[in-house]
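Reading through the structure tokens given below for one structure.
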Amino acid sequence: MRIECPACGAAYEVPEHLLTRPDGTPARPVRCLRCGQEWQPAAQAPESPPSPPASPSRAEAAGPAVPQPVLPARHAAPTQLQPGPAPAPVAVPDSRGTMAPLLAWAASLVLLAVVLAVLVLQREAVMAAWPPATHLFHALGLR
């Protein structure tokens with residue numbers, strides 16, 4: 001069923017079962033997405049099917065048919081999205097068997113241990129080059 005907002009004229013295509021209850025009474029009010037106006041859409045009589053086109057005259061039947069251009073509506077009604085087929089599953093490589101992340105962590109820890117060992121073993125040179133390090137080594141009990 002096509003409904004239009006009385007305030008701004010926005011048109012919407014809404015299934016009939018959402019606007020009326022099974023007993024035919026109006027359901028709840030609707031709200032316009034464009035202007036926010038709330039209103040109770042009026043029930044409409046079922047639309048009659050379009051009449052069949054008249055048979056073409058002999059002059060029209062003899063000539064080639066010229067297609068009529070389809071112009072876009074100024075305020076097109078929103079389309080109803082229908083569920084489509086489920087997307088195909090994506091193959092994800094199994095990373096449980098790879099050792100790369102584990103080796104990267106191990107290398108990082110070894111590098112950190114080497115840097116700390118050099119700082120401790122060469123603490124006299126570090127304190128001479130950077131005097132604030134004296135407070136750090138003193139706090140750690142390595143003076």
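Just so it is clear, the values below take in all heavy atoms, side chains as well, and ignore hydrogens, waters and symmetry mates.
Here CZ of R2 is found 6.5 Å from CD of E13. Values are rounded to the nearest 0.5 Å. Remark: M127 CE to L136 CG distance equals 10.0 Å, nearest 0.5 Å. Note that CG of L140 and NE2 of H135 are 13.0 Å apart. Values are rounded to the nearest 0.5 Å.
When hydrophobic clusters are built by joining Ile, Leu, Val, Met, Phe, Trp and Tyr residues whose side-chain heavy atoms come closer than 4.5 Å, directly or via intermediates, V118 is not grouped with L142. By the criterion of side-chain heavy atoms lying less than 4.5 angstrom apart, applied directly or through intervening Ile, Leu, Val, Met, Phe, Trp or Tyr residues, L112 is not grouped with W105; the two fall into different hydrophobic clusters.
Closest of all the heavy-atom pairs between C8 and R34 is O-NH1, 3.8 Å. Looking at every heavy atom in both residues, F137 comes nearest to L119 through CZ-O, 3.6 Å. Closest heavy-atom contact between Q40 and P29: OE1-N, 3.4 Å.
Not one N or O on the side chain of Y12 forms a donor-acceptor pair closer than 3.5 Å with the backbone of C5.
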(request) Begin with the C-alpha distance, continue with both residues' side-chain angles, and end with the deciding distance and a verdict on side chain to side chain contact (heavy atoms under 4.5 Å, CB included) for V30 and V14. (result) CA-CA 10 Å; V30 294; V14 181; over 6 Å; no
